[in-house]
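Scroll down for the structure; my scribbles are underneath it.
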Amino acid sequence: MKDLNLEQLDLLFDEIYQNLDVPKSLVKEADLKYEELSTWLKQDSEKNFKSNSLLYPQGSNLLGTCVRAVKSSDDFDYDLVYVREIKKESTTQKELKTQVGDQLKRYLKHQKESNSPEIPELTEGSRCWTLKYGKKFHMDILPAIPDLEGSYTANKEDGIYITDKELREWCTSNPKGYNMWFRAQMKEQINEERIKLAKASHMEVQDIPEHEVKTILQRAIQILKRNRDLTYEGHKDNKPISVIITTLATHSYRKTSSLYQALQDILTNMESFITRKNGEDWVTSPINANENFANKWNEFPERKKAFMAWLSSAKEEFLGLEKQGSAIQLSERLKKSLGDDTVTSALKKFEERTIKRALITNAVNSVTTPTKPHGHF
Amino acid sequence: MSPSSVAIKDVRDSLNSYPKLSLFSNQNVYFIKGTWEVTFNNIVIEEYEIKIELSEKYPEELPLVFELSNKIPKKADRHINPKGNACLFVDDARWEIWPIGSSFLNFLTIPVSNFFLWQVYFAEYNQAPEWGERGHGEKGIIQ
């Protein structure tokens, strides 16, 4: 059996990535619930606290790197930040967390009283509150207040303090600033994808919003996150966190338009962006030189060990696949890395597209009198 | 005025090679409708619903080809002009590609066939096949 060439590998990974996306209908449903909750919380905050508040997406939900759950019976995460516009001196982490919990309880009461067909289940986590909508999705709502003093290099005004039960000091974050940085690193690729989608969907480029397209970098991150999720299924404590994978992958991305090549570049280079400062491991926030995404590695060395073990196995699983034989042989190997259903369905589509491409190429090569179509307007 | 009976007979005869296309007439206006298949070795790669209008002055005037299934974006960069018909080739090239006196079969097997194959290739690869394309407007004529 012949090895796959780079074009075929790209085609196969392109089909795989499409199976990792959360179904659009589910995202749309979650978007509607988010908008409804956002409006309600804003009104509740004005009524009960005489202050403004804002609920907005964060994490992979904002970055466009959400991955479908490994098991079809599992739901997907819809991460949100809820910022109450109050001063740090006027509250404590505990009070803020409790008040947000009370707001969400009032929201559920309101839902019940208005006979809403679906009442989510509310639970408390160490950092956030979770609203679970059956087996479809859950919203993690992270309580926050503005941090106007943070030393961010992007979106300084969007810095926030967030609550954490396990920590006495407020933690800082800036999801909007991070998103700005992430998207700036692939600005050209976003525009290229918008042009492609506009061409394919009979639309004008300016009518295609950025979040409607996926770049090679976003797809590569989704593939790596799926591999991470499978590797750490059932061992969530040490699972490498998404922001570390995303940051290191973005630094390592070489702007290639090939998904397979992007995976090669990322896996080969990502370790070199982990640095040492004062004897500690650092994955520096790209928008705040004082923020270390890997700070927990120093407290829990097993987490660094888990990251390095994942990286090492991902290299073994994804590097040099062009020497791994036919699509079927390769797929057998990838099933272990990315999931049986995901790869089986991708392989079927890959085979159909490969046959179609071969037919098109043969048909084009058999044209004896080429004529060039012309556009006159 | 309508196309000559000789010209219409040639069209009918040509359509024998394309059983999924049929000739219709309405008060001396002739048009062809049906399914255009892009094939290789009799394997269908893609299908398009099409209509070909023959003007009163056919064959002096070129037939107009319309894609009805909306698989091809109706845009200049997909070689569809603002009236919705396919831009098969630059007008000045007609004398080389399909001179007056040529059979309608040649029209179908060369420019129409190439046009739809070009579309299939573009849809799959997001670029023109190696034989290329002409630019739009005056630029295309100069090429």
Side-chain angles (χ1 to χ4, degrees), chain A residues 5-12 14-15 18 188-208 213-216 219 256-259 349-377, chain B residues 38-41 43-46 65 70-83 86-94 96-98 106 109-141 143:
Chain A
N5 60 34
L6 291 181
E7 184 192 327
Q8 289 170 316
L9 278 164
D10 256 346
L11 205 59
L12 180 60
D14 195 50
E15 294 298 347
Q18 293 189 43
E188 279 169 36
Q189 289 72 30
I190 291 173
N191 283 333
E192 281 166 17
E193 293 297 330
R194 287 172 73 209
I195 292 167
K196 266 193 222 167
L197 184 60
K199 273 187 182 174
S201 56
H202 314 205
M203 289 170 76
E204 297 300 325
V205 177
Q206 62 268 27
D207 296 332
I208 309 270
V213 296
K214 277 275 165 73
T215 64
I216 293 292
R219 295 173 205 185
T256 170
S257 57
S258 152
L259 179 52
K349 287 184 195 154
F350 165 81
E351 285 173 339
E352 285 166 6
R353 277 187 79 185
T354 304
I355 291 168
K356 187 178 180 184
R357 283 192 168 195
L359 288 169
I360 293 171
T361 304
N362 286 330
V364 164
N365 290 339
S366 69
V367 169
T368 50
T369 316
T371 50
K372 298 179 179 184
H374 164 60
H376 50 92
F377 51 88
Chain B
V38 177
T39 62
F40 181 74
N41 277 356
I43 300 169
V44 178
I45 305 170
E46 183 60 280
V65 179
N70 278 328
K71 289 181 178 174
I72 303 172
K74 303 295 181 277
K75 295 169 81 172
D77 63 2
R78 294 297 287 268
H79 304 291
I80 303 284
N81 84 22
K83 288 179 183 168
C87 304
L88 302 176
F89 46 80
V90 61
D91 288 348
D92 288 352
R94 171 174 183 175
E96 186 191 335
I97 294 167
W98 192 60
N106 287 343
T109 55
I110 299 173
V112 176
S113 175
N114 287 353
F115 175 82
F116 285 107
L117 179 56
W118 189 99
Q119 296 294 342
V120 169
Y121 188 95
F122 192 94
E124 182 62 29
Y125 291 98
N126 208 31
Q127 63 184 45
E130 269 182 23
W131 80 67
E133 61 185 322
R134 285 182 185 265
H136 307 302
E138 284 180 14
K139 198 177 158 195
I141 294 164
Q143 285 172 353

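Not measured: the values here are computed from a predicted model.
- Side-chain contact between A:T361 and B:Y125: present, with at least one pair of heavy atoms (C-beta onward) separated by less than 4.5 Å.
- For the side-chain contact (heavy atoms from CB on, under 4.5 Å) test, residues two or more places apart in sequence or in another chain that qualify with A:N362 are B:F40.
- Of residues 188-196 of chain A, those residues lying under 4.5 Å from chain B by any heavy-atom pair are A:K196.
- Taking every heavy atom of both residues into account, B:L117 and A:I360 meet most closely at CD1-O, 4.5 Å.
- Looking at A:E352, neither its backbone nor its side chain comes within 4.5 Å of chain B, counting heavy atoms on both sides.
- Among the candidates A:T371, A:T368, A:V367, the single residue satisfying the side-chain contact (heavy atoms from CB on, under 4.5 Å) test with B:I110 is A:T371.
- Heavy atoms closer than 4.5 Å to chain A are found in the side chain of B:F115, but not in its backbone.
- Every salt bridge (charged side-chain N to carboxylate O under 4.0 Å, His left out) that B:E124 has, sequence neighbours left out, goes to A:R353, A:R357.
- We find the CG-OG1 distance between B:N114 and A:T369 to be 7.5 Å, quoted to the nearest 0.5 Å.
- Looking at B:T39, only its backbone comes within 4.5 Å of chain A, counting heavy atoms on both sides.
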Residues A:K356, B:I45; criterion side chain to side chain contact (heavy atoms under 4.5 Å, CB included); working and verdict: CA-CA 7 Å; A:K356 187 178 180 184; B:I45 305 170; 4.0 Å; yes
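- Considering only residues two or more places apart in sequence or on other chains, A:D10 meets the side-chain contact (heavy atoms from CB on, under 4.5 Å) condition with A:S258, A:L259, A:Y260.
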